[in-house]
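Side chains are part of it too, since the values below use all heavy atoms of this structure and drop only hydrogens, waters and symmetry mates. Please read all numbers here as calculations on a predicted model, not as lab measurements.
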Amino acid sequence: MQLPASPADPIVPRTRPFHWVTTALALAVITGAAALVEPSGATARPGAADSAAPADGPAAQEPPEAPAPGPAPEEADYPVDCGPLDVLVTDSVDTDLDGDGQGEAVAVVRCDAGSGSPPNGMYLLTAEGGTTTVAATLVDPAERMTVERLAARDDTVSVRLLGYSSDTVPRCCPDLQRDVDWRWEDGRLVLHARRAPNSV
(Lines give C-alpha, C1' and ligand atoms only; values in the text may rest on other atoms or scores of the structure.)
Protein backbone atom coordinates (compact mmCIF):
# COMPACT_ATOMS: atom_id res chain seq x y z
CA MET A 1 0.00 0.00 0.00
CA GLN A 2 1.92 3.02 -1.23
CA LEU A 3 0.69 6.13 0.52
CA PRO A 4 0.09 9.08 -1.82
CA ALA A 5 2.11 12.22 -1.36
CA SER A 6 0.40 15.18 0.28
CA PRO A 7 1.47 18.59 1.63
CA ALA A 8 1.61 17.00 5.11
CA ASP A 9 4.14 14.40 3.96
CA PRO A 10 7.80 14.86 4.90
CA ILE A 11 9.79 16.43 2.09
CA VAL A 12 11.60 13.86 -0.01
CA PRO A 13 15.02 15.17 -1.09
CA ARG A 14 16.40 14.61 -4.54
CA THR A 15 17.75 11.12 -4.23
CA ARG A 16 21.50 10.82 -3.99
CA PRO A 17 22.99 7.32 -3.96
CA PHE A 18 24.68 7.62 -0.58
CA HIS A 19 21.39 8.66 1.04
CA TRP A 20 19.83 5.30 0.38
CA VAL A 21 23.05 3.43 1.00
CA THR A 22 22.92 4.90 4.51
CA THR A 23 19.30 3.87 4.90
CA ALA A 24 19.97 0.42 3.49
CA LEU A 25 22.74 -0.15 6.02
CA ALA A 26 20.44 0.86 8.85
CA LEU A 27 17.68 -1.36 7.54
CA ALA A 28 20.10 -4.26 7.23
CA VAL A 29 20.68 -4.10 10.98
CA ILE A 30 16.93 -4.17 11.59
CA THR A 31 16.44 -6.98 9.10
CA GLY A 32 18.85 -9.24 10.94
CA ALA A 33 16.66 -9.18 14.04
CA ALA A 34 13.26 -8.89 12.41
CA ALA A 35 13.68 -11.71 9.91
CA LEU A 36 13.85 -14.31 12.65
CA VAL A 37 11.09 -13.02 14.92
CA GLU A 38 8.30 -15.35 15.97
CA PRO A 39 5.80 -14.37 18.68
CA SER A 40 6.14 -16.72 21.62
CA GLY A 41 3.82 -19.70 21.28
CA ALA A 42 2.90 -18.76 17.73
CA THR A 43 2.58 -21.37 15.03
CA ALA A 44 2.57 -20.57 11.34
CA ARG A 45 -0.49 -21.83 9.58
CA PRO A 46 0.18 -21.78 5.82
CA GLY A 47 -3.02 -21.80 3.83
CA ALA A 48 -5.21 -20.85 6.78
CA ALA A 49 -6.63 -17.99 4.76
CA ASP A 50 -7.50 -20.43 1.99
CA SER A 51 -9.70 -22.76 4.06
CA ALA A 52 -12.59 -24.32 2.19
CA ALA A 53 -15.69 -22.22 1.71
CA PRO A 54 -19.13 -23.52 2.72
CA ALA A 55 -21.06 -25.40 0.07
CA ASP A 56 -23.24 -22.34 -0.52
CA GLY A 57 -20.21 -20.44 -1.80
CA PRO A 58 -18.22 -17.37 -0.65
CA ALA A 59 -21.35 -15.23 -0.30
CA ALA A 60 -22.52 -17.41 2.58
CA GLN A 61 -19.29 -17.05 4.61
CA GLU A 62 -19.30 -15.21 7.89
CA PRO A 63 -17.35 -11.91 7.89
CA PRO A 64 -13.83 -12.36 9.35
CA GLU A 65 -13.59 -11.79 13.07
CA ALA A 66 -11.53 -8.90 14.41
CA PRO A 67 -8.22 -9.99 15.94
CA ALA A 68 -8.16 -10.53 19.67
CA PRO A 69 -6.99 -7.47 21.60
CA GLY A 70 -3.23 -7.35 22.03
CA PRO A 71 -1.37 -6.83 25.32
CA ALA A 72 -1.30 -3.37 26.88
CA PRO A 73 1.74 -1.44 25.53
CA GLU A 74 1.96 0.75 28.63
CA GLU A 75 2.68 -2.32 30.79
CA ALA A 76 5.75 -3.53 28.89
CA ASP A 77 9.32 -3.15 30.14
CA TYR A 78 11.10 -1.77 27.07
CA PRO A 79 14.86 -2.16 26.50
CA VAL A 80 15.30 1.62 26.24
CA ASP A 81 17.72 3.58 28.41
CA CYS A 82 16.09 6.94 29.14
CA GLY A 83 18.03 7.71 32.33
CA PRO A 84 15.74 9.59 34.72
CA LEU A 85 13.10 10.09 32.03
CA ASP A 86 10.06 7.91 31.44
CA VAL A 87 9.54 5.77 28.36
CA LEU A 88 6.60 7.20 26.41
CA VAL A 89 4.39 5.07 24.15
CA THR A 90 3.65 7.32 21.16
CA ASP A 91 1.72 4.86 19.00
CA SER A 92 0.52 1.27 19.07
CA VAL A 93 -1.64 -1.15 17.13
CA ASP A 94 -3.21 -4.54 17.87
CA THR A 95 -2.69 -7.36 15.41
CA ASP A 96 -2.70 -11.14 15.02
CA LEU A 97 0.22 -11.72 12.70
CA ASP A 98 0.14 -15.51 12.63
CA GLY A 99 -3.63 -15.89 12.70
CA ASP A 100 -3.70 -18.08 15.82
CA GLY A 101 -6.41 -16.00 17.51
CA GLN A 102 -4.02 -14.66 20.18
CA GLY A 103 -3.49 -10.94 19.76
CA GLU A 104 -0.10 -9.30 19.64
CA ALA A 105 0.67 -5.59 19.73
CA VAL A 106 3.25 -3.37 18.07
CA ALA A 107 4.32 -0.29 20.04
CA VAL A 108 6.36 2.78 19.12
CA VAL A 109 8.14 4.41 22.05
CA ARG A 110 10.67 7.13 22.84
CA CYS A 111 12.13 8.85 25.87
CA ASP A 112 9.74 11.44 27.28
CA ALA A 113 12.16 14.34 26.87
CA GLY A 114 9.46 17.00 26.63
CA SER A 115 11.25 18.71 23.73
CA GLY A 116 13.45 17.84 20.81
CA SER A 117 13.12 14.71 18.69
CA PRO A 118 14.29 11.62 20.61
CA PRO A 119 14.64 8.57 18.35
CA ASN A 120 11.92 5.96 18.35
CA GLY A 121 12.04 2.29 19.15
CA MET A 122 9.43 -0.12 17.82
CA TYR A 123 8.66 -3.43 19.51
CA LEU A 124 6.52 -6.52 19.02
CA LEU A 125 4.64 -7.37 22.21
CA THR A 126 3.06 -10.64 23.32
CA ALA A 127 1.23 -11.72 26.46
CA GLU A 128 3.01 -14.31 28.60
CA GLY A 129 0.87 -15.52 31.50
CA GLY A 130 -0.96 -12.21 31.61
CA THR A 131 2.29 -10.21 31.46
CA THR A 132 3.09 -7.94 28.52
CA THR A 133 6.45 -9.05 27.11
CA VAL A 134 8.74 -7.56 24.46
CA ALA A 135 9.08 -10.41 21.97
CA ALA A 136 11.26 -8.57 19.45
CA THR A 137 12.84 -5.24 18.58
CA LEU A 138 11.75 -4.09 15.13
CA VAL A 139 13.37 -0.64 15.22
CA ASP A 140 16.24 0.01 17.65
CA PRO A 141 16.53 3.57 19.04
CA ALA A 142 20.27 3.29 18.39
CA GLU A 143 19.47 3.60 14.68
CA ARG A 144 18.26 7.17 15.41
CA MET A 145 15.10 6.86 13.34
CA THR A 146 11.63 8.33 13.72
CA VAL A 147 8.69 5.99 13.14
CA GLU A 148 5.51 7.31 11.55
CA ARG A 149 2.30 5.92 10.04
CA LEU A 150 2.18 2.71 12.06
CA ALA A 151 -0.51 0.40 10.71
CA ALA A 152 -1.30 -3.32 10.81
CA ARG A 153 -3.52 -5.41 8.57
CA ASP A 154 -3.74 -9.18 8.56
CA ASP A 155 -0.13 -10.48 8.56
CA THR A 156 1.57 -7.15 7.82
CA VAL A 157 2.87 -4.24 9.91
CA SER A 158 3.69 -1.06 7.98
CA VAL A 159 5.54 2.10 8.95
CA ARG A 160 7.39 5.05 7.48
CA LEU A 161 10.95 5.46 8.77
CA LEU A 162 12.58 8.90 8.86
CA GLY A 163 16.33 9.27 9.28
CA TYR A 164 19.38 11.43 8.70
CA SER A 165 22.03 11.33 5.98
CA SER A 166 24.74 12.67 8.32
CA ASP A 167 25.36 13.90 11.86
CA THR A 168 25.25 17.49 10.62
CA VAL A 169 21.54 17.30 9.72
CA PRO A 170 19.46 18.98 12.49
CA ARG A 171 17.57 16.46 14.62
CA CYS A 172 14.38 18.39 13.94
CA CYS A 173 14.54 17.82 10.23
CA PRO A 174 15.19 14.25 8.99
CA ASP A 175 16.18 14.24 5.32
CA LEU A 176 15.69 10.52 4.56
CA GLN A 177 12.53 8.45 4.46
CA ARG A 178 11.55 4.90 3.53
CA ASP A 179 8.25 3.03 3.77
CA VAL A 180 8.71 -0.54 5.00
CA ASP A 181 6.57 -3.58 5.84
CA TRP A 182 7.12 -6.53 8.15
CA ARG A 183 5.19 -9.56 6.86
CA TRP A 184 4.54 -12.89 8.54
CA GLU A 185 5.99 -15.43 6.11
CA ASP A 186 6.71 -19.10 6.75
CA GLY A 187 6.52 -18.71 10.52
CA ARG A 188 8.63 -15.57 10.86
CA LEU A 189 8.52 -11.80 10.35
CA VAL A 190 10.34 -10.69 7.20
CA LEU A 191 11.21 -7.05 6.49
CA HIS A 192 10.36 -5.64 3.05
CA ALA A 193 11.60 -2.15 2.14
CA ARG A 194 9.55 -0.42 -0.51
CA ARG A 195 11.16 1.34 -3.45
CA ALA A 196 12.92 4.57 -2.46
CA PRO A 197 11.17 7.80 -3.49
CA ASN A 198 12.34 9.13 -6.86
CA SER A 199 14.09 5.84 -7.65
CA VAL A 200 13.61 3.83 -10.82
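Not one N or O on the side chain of D181 forms a donor-acceptor pair closer than 3.5 Å with the backbone of S158. Counting only distance, with no hydrogens or angles, the side chain of D100 and the backbone of Q102 share a donor-acceptor pair below 3.5 Å. E104 places a side-chain N or O within 3.5 Å of a backbone atom of L97 that can act as its donor or acceptor partner. One N or O on the side chain of D96 and one on the backbone of G99 form a donor-acceptor pair closer than 3.5 Å. Side-chain atoms of R178 come within 3.5 Å of backbone atoms of R194 as a donor-acceptor pair (strictly under, hydrogens ignored).
Taken from CG in D86 to CG in L88, the straight-line distance is 8.5 Å, to the nearest 0.5 Å. Rounded to the nearest 0.5 Å, atoms CH2 (W182) and OG1 (T95) are 13.0 Å apart. Note that SG of C82 is 8.5 Å distant from CG of D112, once rounded to the nearest 0.5 Å. Atom-to-atom distance recorded for E185:CD and H192:NE2 is 3.5 Å, nearest 0.5 angstrom.
Side-chain contact check for L189 versus L138: some heavy-atom pair is nearer than 4.5 Å. Residues L162 and E148 have side chains in contact (heavy-atom distance under 4.5 Å, counting atoms from C-beta outward). Here the side chains of P79 and V134 are in contact, with some heavy-atom distance below 4.5 Å. Side-chain contact between V80 and C111: present, with at least one pair of heavy atoms (C-beta onward) separated by less than 4.5 Å. Using a 4.5 Å heavy-atom cutoff, the side chains of M122 and L150 are in contact. Side-chain atoms of P73 and L125, non-hydrogen and from C-beta on, do get closer than 4.5 Å to each other.
The two residues C173 and V169 have their closest heavy-atom pair at O-CG1, 3.3 Å. Shortest non-hydrogen contact noted between L85 and A113 is CD1-CA, 3.8 Å.
Residue V139 is tested with L161, V180, N120, V108 for a side-chain contact (heavy atoms from CB on, under 4.5 Å); the sole match is L161.
V147 and V89 fall into different hydrophobic clusters, where Ile, Leu, Val, Met, Phe, Trp and Tyr are joined by side-chain heavy atoms under 4.5 Å apart, directly or via other members. Linking ILVMFWY side-chain heavy atoms closer than 4.5 Å, directly or via other members, places L124 and V159 in a single hydrophobic cluster.
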After noting the C-alpha distance and the side-chain angles of Y123 and V109, does the key distance pass the side chain to side chain contact (heavy atoms under 4.5 Å, CB included) rule? CA-CA 8 Å; Y123 302 92; V109 307; 3.6 Å; yes
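A salt bridge does not link R183 to D155: none of the charged nitrogens lies less than 4.0 Å from a carboxylate oxygen. Taking 4.0 Å as the cut-off between side-chain N and carboxylate O, D91 and R110 do not count as a salt-bridged pair.
In terms of the salt bridge (Lys or Arg N to Asp or Glu O under 4.0 Å) criterion, R153 has no residue partners (sequence neighbours excluded).
Of the N and O atoms on the side chains of T133 and T131, not one donor lies less than 3.5 Å from an acceptor on the other residue.
In this structure, R144 fails the cation-pi test against Y164, since its NZ or CZ atom is not both closer than 6.0 Å to the six-membered ring centre and inside 45 degrees of the ring normal.
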